Amino acid sequence: MKIKRSGSALAEADMTPMIDLVFQLVAFFMIVTNFDQQQADERVKLPVDQLAQPRQEARKYEITVNMGFIRDAEGRILSQPLVMNPETGEVDVLTYGKTQLPREAAIARAQGGDEQVSKTTIAIRADAEFPTGLVQELIKLAQEAGFSKFSLKAMAGEE
């Protein structure tokens, strides 16, 4: 019996799932690259300074402290000065400094001893209207906990 041979048929792959996968990867990486800003609380309105510049490289050991107010939709202040912390909620500066900063220092010591604490930077993001004395009080409490490096954040202004 003779077998008929048909012409060779080219099998084409369906590219639709591949395109979907590429778009999902693009969306994923767009979200992941923005995680550095997650420590920033949008309720804190930073002071504007012409000399403010973004860091060239990320710090390895950094604790971000957001200090601000609860505001209404028009931006009016509704609360006393608070430390905005996603884990502990909003607390006053003294409570945060006396409870959370010693915990952070203990965690740093457990990870790498006193050297780890000395390498850790406390990044303070204080609202432009936040009382300066409370920022100084937080720095004092952080020093008592063992931290020695501090960074004050500001928004870049127009030249």
Side-chain angles (χ1 to χ4, degrees), residues 20-159:
D20 289 343
L21 179 68
V22 168
F23 282 125
Q24 287 180 3
L25 286 172
V26 168
F28 172 76
F29 286 117
M30 285 173 54
I31 291 170
V32 169
T33 57
N34 205 10
F35 276 145
D36 187 35
Q37 295 296 326
Q38 292 301 322
Q39 295 179 354
D41 195 317
E42 67 276 354
R43 296 175 289 184
V44 176
K45 298 177 189 269
L46 292 177
V48 178
D49 188 14
Q50 292 179 356
L51 301 176
Q53 296 178 356
R55 284 195 52 80
Q56 299 301 321
E57 76 249 5
R59 288 188 179 99
K60 190 171 181 182
Y61 308 109
E62 182 175 77
I63 299 170
T64 302
V65 181
N66 292 296
M67 302 169 79
F69 305 95
I70 296 174
R71 297 175 183 264
D72 63 7
E74 288 81 37
R76 291 186 298 254
I77 296 172
L78 299 176
S79 71
Q80 63 180 355
L82 298 170
V83 174
M84 314 290 193
N85 189 335
E87 289 114 27
T88 61
E90 289 82 24
V91 295
D92 63 275
V93 175
L94 297 179
T95 301
Y96 181 84
K98 291 179 180 177
T99 60
Q100 191 64 28
L101 287 175
R103 277 190 216 136
E104 295 286 353
I107 291 169
R109 281 188 186 91
Q111 291 176 346
D114 286 333
E115 183 180 323
Q116 177 81 17
V117 177
S118 65
K119 288 182 183 177
T120 302
T121 301
I122 305 293
I124 299 173
R125 298 184 74 251
D127 193 288
E129 299 178 38
F130 206 83
T132 308
L134 288 177
V135 175
Q136 292 172 336
E137 186 67 28
L138 181 80
I139 291 172
K140 179 182 159 212
L141 291 170
Q143 287 173 331
E144 289 172 3
F147 298 105
S148 58
K149 290 184 177 182
F150 301 95
S151 169
L152 298 173
K153 304 293 183 175
M155 285 182 15
E158 297 180 18
E159 292 186 36

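Here the structure is a predicted model, which is why all the values come from computation and not from measurement.
In this structure, Lys140 NZ and Leu94 CG are separated by 9.0 Å, a value rounded to the nearest 0.5 Å. With values rounded to the nearest 0.5 angstrom, Ile122 atom CD1 is found 9.0 Å from Glu62 atom CD. Rounding to the nearest 0.5 Å gives a distance of 12.0 Å between OG of Ser148 and NZ of Lys119. Atoms OH and CD, on Tyr96 and Glu104 in that order, are 5.5 Å from each other to the nearest 0.5 Å. For the atom pair CD1 (Ile107) and CD (Gln116), the distance works out to 11.0 Å, reported to the nearest 0.5 Å. Taken from CE in Met84 to CE in Met67, the straight-line distance is 10.5 Å, to the nearest 0.5 Å.
Phe69 and Pro131 get closest at one heavy-atom pair: CZ-CD, 4.2 Å. Between Asp92 and Leu82, the closest heavy-atom pair is N-CD2, 4.1 Å. Listed here is the closest heavy atom pair of Ser79 and Ile70: OG-N, 2.9 Å. Scanning all heavy atoms of the two residues, the minimum distance from Leu134 to Val93 falls at O-CG1, 3.7 Å. Closest approach of Pro102 and Gly97 over heavy atoms only: CD-O, 3.3 Å. Across all non-hydrogen atoms, the minimal contact from Ala105 to Val117 is O-CG2, 3.6 Å.
Under the 4.5 Å side-chain criterion, counting only non-hydrogen atoms from C-beta, Leu101 is in contact with Leu138. Put simply, the side chain of Asp127 reaches to within 4.5 Å of the side chain of Arg71, judged on heavy atoms.
Checked options Gln136, Gln143, Glu137; the residue passing with Ile139 is Gln143 (criterion: side chain to side chain contact (heavy atoms under 4.5 Å, CB included)).
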Let me see the working for Val83 and Glu90 under side-chain contact (heavy atoms from CB on, under 4.5 Å), right down to the final yes or no. CA-CA 6 Å; Val83 174; Glu90 289 82 24; over 6 Å; no
For Thr99 and Val91, what are the C-alpha separation, side-chain angles and deciding distance, and is it a side-chain contact (heavy atoms from CB on, under 4.5 Å)? CA-CA 10 Å; Thr99 60; Val91 295; over 6 Å; no
